[in-house]
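We count ligands from 1, going down the list as the structure has it; atoms in each ligand are counted the same way. Remember, predicted model here, so these are calculated numbers, not experimental data.
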Amino acid sequence: MEKQVWSIKESLKWGIQWLKERRIENPQANAELIMGKILNRDRLNLYLTFNDFLSPLQINKFQKSIKKRARGIPLSYIIKESYFMGLKFQVDFDVYIPRPETELLVEKALDIIDSLKSREDTLTLVDLGTGCGNIAISLAKNLKKIKIYGIDISSRALTIAKKNVRLHQVEKQVELLLGDIFSPLKKFNLKGEIDGIISNPPYVSSHQISFLPREVKKEPMIALDGGENGLEFFKRIIPESSRYLKRGGFLIMEIGYNQEDEVGRLILSQKNMGFPRIIPDYQGNPRVAIAIKK
Ligand SMILES: C[S@@+](CC[C@H](N)C(=O)[O-])C[C@H]1O[C@@H](n2cnc3c(N)ncnc32)[C@H](O)[C@@H]1O
């Protein structure tokens with residue numbers, strides 16, 4: 001781009017071509033979302049103002065961002081936002097990017113609450129490994145009377161989660177706690193008091209990490225690495241959950257596509273947990289494990 005004056009349309013054309021040549025999927029959507037972020041306009045407004053000129057600063061920002069995207073930096077890290085359950089969340093390099101697949105976990109948690117209790121009940125829930133807070137916040141938005149503890153071992157992730165809690169005005173419902181799995185809950189004396197535990201823990205096996213796509217490897221390792229066979233967190237979460245849940249309380253977790261047998265066995269090994277249910281995602285892969293405390 002040597003010319004000094006560029007319209008939105010010309011810049012987009014350049015950006016789309018740059019991404020296309022570097023085999024980035026959906027180059028048009030990527031370029032438009034990046035442009036929209038820089039100009040603070042939605043995609044419809046971009047089309048309506050296609051012939052507006054960009055300032056040199058805007059051109060520079062756009063080019064830099066397109067080049068970052070071409071190097072495999074995830075779009076969400078460039079535009080610093082991501083959508084989950086129809087809500088907008090701030091994200092950056094310090095947090096895992098919410099995935100559409102994880103919406104199934106939240107939908108199933110809401111289904112369990114509908115079948116066992118009521119959305120109007122006062123419930124105490126826990127979101128283990130809350131990241132940017134997407135699960136805890138979307139539950140709080142759907143269940144006005146819950147109290148949910150969002151726990152994460154990464155203080156950087158919690159800094160972002162805090163911003164999202166404020167953005168969605170759920171400060172009264174979501175309490176963020178720093179620490180290792182259940183440890184920050186100790187001071188609250190909640191054993192046997194929790195209505196539901198929800199978690200999308202790190203579950204990629206350590207030896208698979210190096211085979212992950214280049215974009216996924218840009219996310220925090222602590223959010224991905226689930227130790228040997230990716231099962232380390234399930235081995236810790238399942239027995240502890242059985243102690244923290246009330247009778248009739250539920251544990252619901254996202255699992256990897258080949259982990260249903262092992263996770264099922266871990267649940268069955270807890271005498272006070274009911275028979276595990278495994279739910280497939282829309283591609284038919286096992287995705288969510290559920291168990292109710294007896
Ligand atoms: C796969 S991400 C899930 C993020 C978010 N809940 C979601 O589903 O989009 C897993 C999260 O667990 C956190 N984590 C990793 N080890 C942890 C531990 N020992 N205790 C608490 N959280 C942990 C990571 O920092 C990361 O935010």
Side-chain angles (χ1 to χ4, degrees), residues 74 76-77 80-110 125-142 148-165 168 170 174-186 196-206 208-209 212-213 215-228 230-241 244 251-257 259 263 281 287-289:
S76 297
Y77 286 159
K80 302 213 176 298
E81 65 190 36
S82 175
Y83 281 83
F84 184 78
M85 297 292 291
L87 301 170
K88 185 153 91 173
F89 290 92
Q90 278 193 31
V91 293
D92 74 15
F93 277 99
D94 294 323
V95 281
Y96 178 83
I97 300 166
R99 304 291 205 270
E101 304 90 271
T102 305
E103 294 185 354
L104 185 68
L105 186 68
V106 176
E107 285 160 11
K108 292 296 155 195
L110 292 172
L125 306 179
V126 175
D127 170 23
L128 293 171
T130 199
C132 73
N134 50 316
I135 293 176
I137 294 169
S138 15
L139 285 170
K141 283 293 200 190
N142 281 278
I148 182 160
Y149 295 94
I151 298 173
D152 208 289
I153 201 162
S154 157
S155 57
R156 291 176 167 198
L158 288 188
T159 303
I160 311 281
K162 203 170 169 187
K163 289 185 187 166
N164 286 317
V165 165
H168 292 288
V170 287
V174 180
E175 183 163 346
L176 298 169
L177 302 170
L178 177 66
D180 182 20
I181 306 193
F182 285 96
S183 63
L185 281 185
K186 277 186 192 142
I197 296 167
I198 182 160
S199 184
N200 175 18
Y203 58 71
V204 180
S205 73
S206 300
Q208 289 287 350
I209 294 275
L212 288 172
E215 293 197 3
V216 180
K217 280 197 229 161
K218 303 272 193 285
E219 296 185 70
M221 265 319 128
I222 200 166
L224 303 168
D225 192 345
E228 203 185 334
L231 295 167
E232 192 187 298
F233 284 86
F234 300 113
K235 286 182 183 159
R236 296 175 63 200
I237 290 172
I238 294 168
E240 277 289 282
S241 295
Y244 273 94
L251 167 64
I252 179 164
M253 300 173 294
E254 182 167 314
I255 60 169
Y257 70 98
Q259 293 174 330
V263 171
D281 59 22
R287 176 68 64 185
V288 169

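If you look at Ile135 next to ligand 1, the close heavy atoms, those under 4.0 Å, all belong to the side chain.
Looking at ligand 1, you won't find any N or O of Ser154 less than 3.5 Å from one of its N or O atoms. Considering backbone and side-chain atoms alike, Thr102 places every N or O at 3.5 Å or more from each N or O of ligand 1. In terms of polar-atom proximity, defined here as any N/O pair under 3.5 Å, Ile181 does make such a contact with ligand 1. The distance criterion of under 3.5 Å between nitrogen or oxygen atoms is not met by Ala223 with respect to ligand 1. Where the criterion is an N or O separation shorter than 3.5 Å, residue side chain and backbone included, Asn134 meets it with respect to ligand 1.
Atom CZ of Arg99 sits in a crowded spot, with more than 12 heavy atoms from other residues, nucleotides or ligands closer than 6.0 Å.
Between Asp152, Asp94, Val204, it is Asp152 that holds the heavy atom closest to atom 26 (C) of ligand 1. When the options Phe84, Tyr96, Phe182 are ranked by their closest heavy atom to atom 2 (S) of ligand 1, first place goes to Tyr96. Relative to atom 6 (N) of ligand 1, the option among Gly179, Gly129, Ser155 with the closest non-hydrogen atom is Gly129.
Within the listing of ligand 1, atoms 18 (C), 19 (N), 20 (N) sit less than 4.0 angstrom from a heavy atom of Asp180. Applying the 4.0 Å criterion to heavy atoms of Pro98 picks out, from ligand 1, the atoms 9 (O).
Ranking protein heavy atoms by distance to atom 15 (C) of ligand 1, first place goes to Ile222 O, 3.2 Å. Nearest non-hydrogen protein atom to atom 8 (O) of ligand 1 is Asn200 ND2, 2.8 Å. Looking at atom 23 (C) of ligand 1, its nearest protein heavy atom turns out to be Ile153 CG2, 3.6 Å.
Ligand 1 is never approached by Ala157 to a heavy-atom distance shorter than 4.0 Å. Judged by the shortest distance from any of its heavy atoms, Phe233 lies inside the 4.0 Å radius around the atoms of ligand 1.
With Ser205 contributing its side chain and Gly230 its backbone, the two residues share no donor-acceptor pair below 3.5 Å. Between the side chain of Asp152 and the main chain of Leu158, no donor-acceptor pair closer than 3.5 Å is present. Although no hydrogens or angles enter the test, the distance criterion places no donor-acceptor pair under 3.5 Å between the side chain of Glu219 and the main chain of Tyr96.
Considering Glu232, Gln259, Glu254 in turn, Glu254 is the only one that fulfils the side-chain hydrogen bond (donor to acceptor under 3.5 Å, both in side chains) rule with Tyr203. Checking Ile148, Leu251, Ile151 one by one against Val126, the side-chain contact (heavy atoms from CB on, under 4.5 Å) holds for a single residue, Ile151. Applying side-chain contact (heavy atoms from CB on, under 4.5 Å) to Met253 and the options Asn200, Val288, Ile238, Ile198 leaves one that passes, Ile238.
Contacts classified as side chain to side chain donor-acceptor pair (under 3.5 Å) and involving residues 127-142 (residues at least two apart or in different chains) are given here: Asp127-Thr130.
Centroid-to-centroid, the aromatic rings of Tyr244 and Phe182 come within less than 6.0 Å.
Salt bridge Asp180/Arg236: present, at least one basic N to carboxylate O contact under 4.0 Å.
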